[in-house]
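Some notes on the structure that comes next.
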2 protein chains.
Amino acid sequence: MPRTPPGQTRERIFRFVRDRLLRGDSPSLREVRDHFGFRAVETVRAHLTALVEEGRLDREPGRARSYRLPSLPRFHPVPILGEVAAGGFEEAVENPEGILPVEISDSRDLSDFFALRVRGESMIGAGILPGDTVIVERGEPRSGQIVVALVENEATVKRLHLGPGGVVELRPENPEFEILRPPPDACRILGVVVELRRTLGTRWRGRP
Amino acid sequence: MPRTPPGQTRERIFRFVRDRLLRGDSPSLREVRDHFGFRAVETVRAHLTALVEEGRLDREPGRARSYRLPSLPRFHPVPILGEVAAGGFEEAVENPEGILPVEISDSRDLSDFFALRVRGESMIGAGILPGDTVIVERGEPRSGQIVVALVENEATVKRLHLGPGGVVELRPENPEFEILRPPPDACRILGVVVELRRTLGTRWRGRP
DNA sequence: GAGTATAACAGACATTTGTCTGGTATATTC
DNA sequence: GAATATACCAGACAAATGTCTGTTATACTC
């Protein structure tokens, strides 16, 4: 293998490893060696060790395939809930429609998160359309935040307003919908919407 | 280790491995063994082999830490472009602001995808707000699709309408904005918006 | 030219990790 | 009760993988 200008091969190795890691598949030293046509494992190890020292990679010594991207946010499994309404909340978490990988800060409690598909057009004014997926964190919501609430056995996305004396208002962002003022015991705030995802397909092309 | 009811331990092992895999970290047999307090590696191997036969896990024999989730959509690295405007497009791809893992079908060409942060309020009617991140696939757009276009050296998100004779219309979805009818040589359609992501609130979110 | 840093190689070595063969115990089924 | 299936254990083994030590060559600096 001919000698290359300083840093050039290292950059190519970094990109190769990075792309493999983003696919969830950490390569072994020999796999990297073979990909670049090196003849010595040590060549790869030297480059990777340098990349770790530069802070561009992380690793655990003496472990197979342990290189990681320090800058890459870690994905955590968040259950996509189907019918929260009928059963209890915990049952819904135990039988998710699917799992969605979501970036969550390490300081948060993973079990506080879930995802929900949006029904209805009541939040169009906030850019939340039917069919969107919202990611929700359970916990005490503040006034003004967009929340998921369980009202009359149905999960609904609205903006929360807390009035004096603990009066709860759930405000839609669509003039065609009414503000909900449920009595405290008929309404349970499930959590705060922290992220929204939408896949654009062919379904709603040309919507007015 | 006491004997457990059939299937129960296997379920727990599956969940443990699944969660580790979603964090991008495939456990070794001995790591699983230690986590559950087994004394024999073979116990774990038997369970995992069964899970593979049930189709709940995938693996490559004779490879370290090679268990995978077959159901998990594969995430691919998509560059987040900063300033497309100034420089050329290829330069922007080479120097991304960050990398965003995106679910992409295997039939697509990974290098056709990029992500862009939305500026301006011209697409509020389509539920696309400033600050949102759109994921874009390069390629020939069809009339009616939401596209990213390069007009007067600035990337902009609009709905595309192709009129007779190849007339290009870029329609905002906000009554306060005008329809753009750029001459063909002053407008380059970069691609079609296929996904949208929005982070709400103060939750931490890392950018690599 | 001497010194130094970097790229790449060579090959032995140690550890991690997966594989295999056989065994014990507890249910369930016929 | 015999046969069968499953959960778990024990320990040897082999393959994959990371580690180490030493070497050669090229480029740059003083």
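Residue numbers begin at 1 in each chain, while the letters A, B, ... track the order of the sequences.
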>> Does anything in residues 42-60 of chain B come within less than 4.0 Å of DNA chain C? Heavy atoms only, and list the residues if so.
In response: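 By residue number: B:Glu42, B:Arg45, B:Arg59.
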
> If each of A:Pro61 and B:Gly62 is mapped to the nucleotide of DNA chain D with the nearest heavy atom, which maps nearer the 5' terminus, i.e. the 5' end?
Replying inline: B:Gly62

>> Need to verify one output field. Residue with the more 5' nearest nucleotide on DNA chain D, B:Ile13 or B:Arg65?
In response: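 In this pair, the answer is B:Ile13.
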
>> Does a side-chain N or O of B:Arg30 approach OP1 or OP2 of C:dT16 to a distance below 4.0 Å, or not?
In response: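 Answer no for this pair, as no side-chain N or O of B:Arg30 is under 4.0 Å from OP1 or OP2.
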
> For D:dG18, does OP1 or OP2 lie under 4.0 Å from any side-chain N or O of A:Ser66?
Replying inline: no

>> Among residues at least two apart in sequence or on other chains, which ones pass salt bridge (charged side-chain N to carboxylate O under 4.0 Å, His left out) with B:Arg181?
In response: B:Glu169

> Taking only residues two or more places apart in sequence or in another chain, which ones pass salt bridge (charged side-chain N to carboxylate O under 4.0 Å, His left out) with A:Arg30?
Replying inline: none

> For the side chain to side chain contact (heavy atoms under 4.5 Å, CB included) test, which of A:Leu190, A:Ile80, A:Val102 pairs with A:Phe114?
Replying inline: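 The residue from A:Leu190, A:Ile80, A:Val102 that satisfies side chain to side chain contact (heavy atoms under 4.5 Å, CB included) with A:Phe114 turns out to be A:Leu190.
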
> Does the D:dG18 base have a donor-acceptor partner in the side chain of A:Arg63 within less than 3.5 Å?
Replying inline: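 Such a pair does not exist between side chain and base.
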
>> Using a 4.0 Å heavy-atom cut-off, does A:Arg10 contact any base of the nucleic acid, only the sugar-phosphate backbone, or nothing at all?
In response: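 A:Arg10: backbone/sugar contact only, no base atoms under 4.0 Å.
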
Could you list the residues that satisfy side-chain hydrogen bond (donor to acceptor under 3.5 Å, both in side chains) with [X], not counting sequence neighbours?
X: A:Glu54; value: A:Arg10
X: A:Arg33; value: none
X: A:Ser66; value: none

